[in-house]
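Below: the structure, in structure tokens.
All values reported here derive from a predicted model rather than from experimental measurement.
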Amino acid sequence: SWARARRCLRCARRVNAEFEEHAERTYARFAAEHPEWEGRPLPAELERERGAVGWAGLLRAIARDERDHRDHSLRFAGRARDTAPGQDRP
């Protein structure tokens with residue numbers, strides 16, 4: 001039935017949100033553990049594309065992307081209340 005399929009999709013999105021949250025923490029922790037990367041420049045094309053300064057900045061930008069992916073999954077799963085503060089909530 002449709003209700004059962006919808007419930008399964010919501011569960012899948014919640015599981016996906018857990019993976020995204022783990023990825024966010026991992027990237028952020030890795031950047032924090034390598035302060036020497038703070039001033040290490042990115043290739044110019046990558047810096048323009050991502051808008052990040054340095055390798056540590058790139059890792060933090062990727063962590064933010066993972067948070068956005070997690071929040072998208074949570075909203076789809078009907079858990080908008082669990083998204084990061086300050087995020088748009090449709």
Let me confirm one number: the [atom1]-[atom2] distance from [X] to [Y], rounded to the nearest 0.5 Å.
X: Leu59; Y: Thr26; atom1: CG; atom2: OG1; answer: 11.0 Å
X: Glu24; Y: Ile62; atom1: CD; atom2: CD1; answer: 12.5 Å
X: Arg70; Y: Arg75; atom1: CZ; atom2: CZ; answer: 9.5 Å

Hydrophobic cluster membership, Trp37 vs Leu58, 4.5 Å side-chain cutoff: yes
Heavy-atom donor-acceptor pair, Trp55 side chain to Glu38 backbone, under 3.5 Å: no
If every non-hydrogen atom of [X] is compared with every non-hydrogen atom of [Y], which pair is closest and at what distance?
X: Ala31; Y: Ala56; answer: CB-O, 3.9 Å
X: Arg13; Y: Phe76; answer: CG-CD2, 3.0 Å
X: Thr83; Y: Asp71; answer: CA-OD1, 3.4 Å

Non-hydrogen side-chain atoms of Leu42 and Glu49 separated by less than 4.5 Å: no
Phe30 and His34 aromatic ring geometry - parallel, tilted or perpendicular at 30°/60° bounds: tilted
Salt bridge present between Arg25 and Glu21 (N-O < 4.0 angstrom): yes
CD (Glu45) with more than 12 external heavy atoms under 6.0 Å: no
Test side chain to side chain contact (heavy atoms under 4.5 Å, CB included) applied to Arg79 and Arg81, step by step: CA-CA 5 Å; Arg79 305 281 306 253; Arg81 67 185 177 279; 3.4 Å; yes
